[in-house]
Student: 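Dropping the structure in here first, questions after.
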Amino acid sequence: MKTETECIQYLYCHKWPHGFSCPACGHWHAYTISTRKLPLYECSCCKHQTSLLAGTVMEGSRTSLVKWFHAIQLVSDPEHGISALTLCRILHVTYKTAWSMLHKIRYAMGRAEAEEPLHGQVVIHDACYGRPHNSTVFQHPEESPVVVGAVVSDDQPSRIMFRTVPTEWMQGRQILPIAAHSFIRDYVSALSRRSCSIQLLRFAPIRTKIARPLFREACLWLNQTFRGIGKKHLQTYLDEFCCRTNLALCSAPIFSRLSYICAAFGTITYRTLTTKPAISKHEISLKYRTAV
Ligand SMILES: [Zn+2]
């Protein structure tokens, strides 16, 4: 899309795929106020005014929609994804803006993934990002343990989910069962929980770790595109990988689906992005309390 007008029409169709719906009363008709740079919509029933960007990842942004959709298109690339350094050169924006845009898109992808629990024959196993080549039984400070979940269909993963694990849930190199139980409770559908297959043993046969090749692909992508990712933001990058991979696995049109996700989920501020830890201590203690 080359013009703001095209982008406005495209975003409108993805924000309200079934036609306008007032966020205050649900009414279907609105008057368009076109005196601003972006149109404003006034509900003909309750007079509530809403903008096209309200409730989307672009809310509060001064970057043009053309640049936003260009960024979404580049994130949609199933082979590579994109780093903030490359994006700021392509879009001619500052590194801070490019970094913030990509993280806002990832945040929406993570929320979309978390809202759709794994359903079907689910296999869960452990994995580790950043593991150095040593054979000790102790965890290296730079290693990030991850629980990998996959829906299996015809012996192949048809949907995946990777979740980082708090260090409190590690013992040596072993991920404790609480991590798997917490994963099942939060990310597996109620109907599929009883039949989950869990492979957390350190020496569990590799062939049972059905999503292992995809996790290795994710590690390769993180190391090649971003030269490695620290623990703080690892989960958001894994969310991006899983969301894009899942769309590719179900042969969905990735750009269109990602545009819908960016239109359906609210934004996160730059301040929150730069201050919020990957998993808050409060979140951990809550998980502890409810999982044991
Ligand atoms: Zn209304």
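Counting starts at 1 for both ligands and their atoms, following the listed order.
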Student: Flag this pair as yes if the NZ/CZ of Arg216 is under 6.0 angstrom from the six-membered ring centre of Trp221 and inside a 45 degree cone about the axis; otherwise no.
Tutor: no
Student: Counting backbone and side chain alike, does Cys25 bring an N/O/S atom below 2.8 Å of the Zn ion (ligand 1)?
Tutor: yes
Student: Please confirm whether the ring centroid of His103 lies under 6.0 Å from the ring centroid of Tyr237.
Tutor: yes
Student: Do any of the N, O or S atoms of Cys46 sit under 2.8 Å from the Zn ion (ligand 1)?
Tutor: yes
Student: Apply the test ring pair (Phe, Tyr, Trp, His ring centres under 6.0 Å) to residues His181 and Trp169: give CA-CA distance (whole Å), side-chain angles for both, the deciding distance (0.1 Å), then the verdict.
Tutor: CA-CA 11 Å; His181 296 312; Trp169 289 353; over 10 Å; no
Student: Could you tell me whether any N, O or S atom belonging to Cys45 is less than 2.8 Å from the Zn ion (ligand 1)?
Tutor: no
Student: Check Asp239 with Arg163, please: is the shortest side-chain N to carboxylate O separation under 4.0 Å?
Tutor: yes
